[in-house]
Amino acid sequence: MTEIRLTNSKTHRKEVLQPLDPANVRMYLCGPTVYDRAHLGNARPVVVFDVLYRLLRHVYGPEHVTYVRNFTDVDDKINAAALARKEAGAAGTLEALIRERTEETIGWYHADMDALGALRPTHEPRATEYIGQMVAMIEGLIARGHAYAAEGHVLFDVRSYPDYGALSGRSVDDMIAGARVEVAPYKRDPMDFVLWKPSSDDLPGWESPWGRGRPGWHIECSAMSDALLGPSFDIHAGGIDLQFPHHENEIAQSMCVHPEAEFAKVWMHNEMLQVEGKKMSKSLGNFFTVRDLLDKGVPGEVIRFVLLGTHYSKPMDWTAEKAEEDEAQLRRWLRAASNAKRSAITDDLIATIANDLNTAGAREIVNQQFQALELENLRGSLEFLGLMREGILPEWADSIREVYELNAIVCQPRHREYLPAILKILERWKEHRLRKEFRLADELKAAALEAGVELRVTPQYAEADTTSHRLNPAKLEALK
RNA sequence: GGCGGGUUGGCGGAGAGGUUACGCAGCGGAUUGCAAAUCCGUGAAGACCGGUUCGAUUCCGGUACCCGCCUCCA
């Protein structure tokens with residue numbers, strides 16, 4: 001059996017994965033808070049850990065892996081978004097608007113992540129469907145002396161859990177010295193965090209032993225992983241920014257409710273994504289969603305390919321140049337692979353991925369398969385990596401070739417309607433060349449390239465090719 | 001201030017204690033009116049300072065710089 005080695009953030013070491021139960025390998029990924037479209041940074045853990053999911057399914061069998069990724073659909077930002085819509089005159093109760101908003105966002109999320117080739121997890125629980133379990137967990141924490149109620153809130157008592165801070169390498173005292181903690185009169189310790197908080201009448205709330213209220217941020221992941229994976233499971237993953245406080249607090253909650261369990265054996269964290277060398281932020285103006293990229297014409301497979309180009313443990317930089325380069329390379333691979341009748345998965349590909357998800361290294365293996373024209377292996381690799389589905393060439397990578405006497409046009413199938421326009425330009429270019437008006441010919445060629453059409457000659461034909469460039473219909477029209 | 005990550009050739013980006021990463025770009029050649037594509041060939045690296053070692057870009061320590069987290073942002 002393939003040995004999978006993963007870097008465990010808990011121990012800072014690469015460890016051999018030894019599942020608690022090989023017949024049911026269990027992983028949990030912190031999912032989105034559903035108040036808005038997923039941005040590109042949200043996509044990195046989804047794609048990276050989708051590769052892990054695929055690897056586990058390959059090694060242990062698809063029916064022996066359980067993958068849980070939650071939707072956090074109770075949150076102040078969701079409330080704020082719904083409230084803003086209500087104030088803007090939207091009809092319906094606030095509760096209905098919230099439901100509408102979260103439903104809509106989950107739909108977007110699925111569409112966007114599907115486009116990136118991410119498999120749907122086994123379970124996608126919504127926090128609002130696990131309020132009962134959260135309340136029960138909080139009651140358990142109070143009963144065991146790890147939490148206390150105060151002024152309608154319930155707080156976790158960090159001093160009651162000696163290992164608090166172990167995952168992120170902090171001590172409670174150090175963090176208080178940093179002094180960037182919310183001080184509230186009802187807290188016993190400034191680091192104590194909220195498990196339950198009261199809701200006013202105009203906010204979503206649930207009845208509880210502490211009055212009408214709603215859960216704190218971290219408890220939902222503890223409750224849902226417990227309900228769906230049990231008190232001990234194999235892998236818990238997420239972005240490095242969640243390591244503290246979110247994951248630290250999850251550990252505290254879960255370990256204190258189930259002292260006999262070990263919660264997650266392996267913790268995995270992906271490093272952050274940057275855009276053109278800078279942190280992605282709305283204020284810098286380099287903030288964009290997955291949908292923005294897709295709408296701009298960057299294929300989902302290409303986004304995925306770029307994300308897999310850097311090891312998950314390193315900061316990764318998204319640049320437009322990288323996306324273009326990778327699109328050209330992936331197109332060549334896909335076209336070659338689409339000629340394969342079958343797919344085969346090679347051991348060296350699996351071994352490379354099994355080595356702490358070395359997806360960048362896997363790209364080299366795929367490139368070797370491409371160079372050696374091992375088409376079945378190439379197709380198998382691309383399918384395994386989620387870059388191709390059943391050997392089918394995606395439309396963006398496809399091309400048709402139309403021949404008109406001595407002219408040939410190569411373009412994507414969806415650009416068929418522009419064939420007459422392209423042919424006109426091609427003929428004009430040929431005319432210039434026959435008359436040896438090379439300056440005019442070169443000018444036209446440059447302008448055509450601007451419009452996304454490349455002109456060239458082959459031994460048989462004068463050719464126009466639009467497949468390596470983004471066709472710009474407006475500029476094309478202007479050239480006619 | 002505390003904690004964590006990074007630093008490889010023009011750019012992107014891996015593995016391995018000693019043998020070519022690879023891709024893109026570049027350069028030379030074939031080809032072309034010029035190009036493009038393709039094919040053949042080719043130069044180029046390991047932030048800095050120490051240590052371990054027969055030998056380190058790879059292990060250890062330190063320095064510098066960059067980035068992130070400590071503010072319910074993956």
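In what follows, chains are A, B, ... by sequence order, proteins preceding strands, each numbered from 1.
Side-chain N/O atoms of A/Arg214 and A/Ser199 include a donor and acceptor closer than 3.5 Å. For the residue pair A/Ser254 and A/Glu250, no side-chain donor N or O sits within less than 3.5 Å of a side-chain acceptor on the partner. Counted by atom type alone, A/Thr346 and A/Glu374 present zero donor-acceptor pairs between their side chains at under 3.5 Å. Side chains of A/His247 and A/His218: no donor on one and acceptor on the other come within 3.5 Å. For the residue pair A/Thr289 and A/His39, no side-chain donor N or O sits within less than 3.5 Å of a side-chain acceptor on the partner. No donor-acceptor contact under 3.5 angstrom links the side chains of A/Glu454 and A/Thr466, judged on distance only. For the residue pair A/Glu325 / A/Gln329, no side-chain donor-acceptor distance below 3.5 Å is found, with atom types taken as modelled. A/Tyr148 and A/Asp192 share a side-chain donor-acceptor pair at under 3.5 Å. Defined by atom type and a distance below 3.5 Å, a donor-acceptor pair is present between the side-chain atoms of A/Asp73 and A/Thr128.
Using a 4.0 Å heavy-atom cutoff across all strands shown, A/Val457 reaches at least one base atom of the nucleic acid. Within the 4.0 angstrom heavy-atom criterion, no nucleotide atom of any strand lies near A/Thr458. Counting any heavy atom pair closer than 4.0 Å across all strands shown, A/Leu29 reaches no nucleic acid atom.
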- line: Nucleotide by nucleotide, nucleotides 10-23 of chain B touches protein heavy atoms under 4.0 Å in the pattern (B base, S sugar-phosphate only, - none) --SSSS-----BSB
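Within residues 441-453 of chain A, the residues having any heavy atom under 4.0 Å from RNA chain B are, by residue number, A/Asp442, A/Lys445.
Sorted by first then second residue, the ring-ring contact (aromatic ring centres under 6.0 Å, His included) pairs that include residues 430-464 of chain A, not counting sequence neighbours, number zero.
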Detail all sub-3.5 Å separations between protein N/O atoms and N/O atoms belonging to nucleotides 58-64 of chain B.
none

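Taking the P atoms as reference points, B/C66 lies 34 Å from B/G23, given to the whole Å. B/G29 and B/C67 are spaced 45 Å apart, taking the C1' atom of each and rounding to whole Å. B/C24 and B/G61 are spaced 38 Å apart, taking the P atom of each and rounding to whole Å. Comparing the P positions of B/U57 and B/C48 gives an interatomic distance of 10 Å, to the nearest angstrom. B/A44 sits 11 Å from B/C27 when the C1' atoms are compared, rounded to a whole Å. Rounded to whole Å, the separation between the P atoms of B/G10 and B/G4 comes to 33 Å. The gap from the C1' atom of B/U8 to that of B/U71 amounts to 35 Å, rounded to the nearest Å. If you take atom P in B/G46 and the same atom in B/U19, they sit 15 Å apart, rounded to whole Å.
The distance from atom CZ of A/Phe370 to atom C1' of B/U38 is 12 Å, rounded to the nearest whole Å. Between A/Asp36 atom CG and B/A74 atom P there is a gap of 11 Å when expressed in whole angstrom units. Rounded to whole Å, the distance from CG on A/Leu167 to C1' on B/C70 is 14 Å. One atom, CG of A/Leu455, and another, C1' of B/U32, lie 15 Å apart when rounded to the nearest Å. One can place CD of A/Glu271 at 13 Å from C1' of B/U7, the figure rounded to the nearest angstrom. Atom pair A/Tyr164:OH and B/C3:C1' shows a separation of 13 Å (rounding to whole Å applied). Counting to the nearest Å, the P atom of B/A74 and the CZ atom of A/Phe71 are 13 Å from each other. At whole-Å resolution of the value, CZ in A/Phe305 and P in B/C24 are 11 Å apart.
When each of A/Gln243 and A/Arg433 is assigned the nucleotide of RNA chain B bearing its nearest heavy atom, the one mapping closer to the 5' terminus is A/Gln243.
For A/Glu321, the CD atom is loosely surrounded, since the number of other residues' heavy atoms within 6.0 Å does not exceed 12.
One finds the CG atom of A/Leu455 at 10.5 Å from the CZ atom of A/Arg428 (value rounded to the nearest 0.5 Å).
Using a cutoff of 4.0 Å between basic side-chain nitrogens and carboxylate oxygens, A/Asp50 and A/Arg54 are scored as salt-bridged.
Looking at A/Lys14 and A/Asn355, their side chains come closer than 4.5 Å, going by heavy atoms from C-beta outward.
Taking the side chain of A/Lys197 as heavy atoms from C-beta on, and the options B/G5, B/C67, B/C72, the nearest nucleotide is B/C72. Residue A/Glu454 places its side chain closer to B/A36 than to any other of B/A36, B/C72, B/G68. The side chain of A/Arg456 lies closest to B/A36, out of B/A74, B/A36, B/C72.
Taking a pair as Watson-Crick or G-U with both hydrogen-bonding distances under 3.5 Å, the stems of three or more pairs touching RNA chain B are B:1-7 with B:64-70, B:10-12 with B:22-24, B:26-30 with B:38-42, B:47-51 with B:59-63.
Evaluation of the side chain to side chain contact (heavy atoms under 4.5 Å, CB included) rule for A/Ser225 yields A/Tyr28, A/Phe233, A/Phe263 as partners, not counting sequence neighbours.
Scanning all heavy atoms of the two residues, the minimum distance from A/Asp112 to A/Arg291 falls at OD1-NH2, 2.7 Å.
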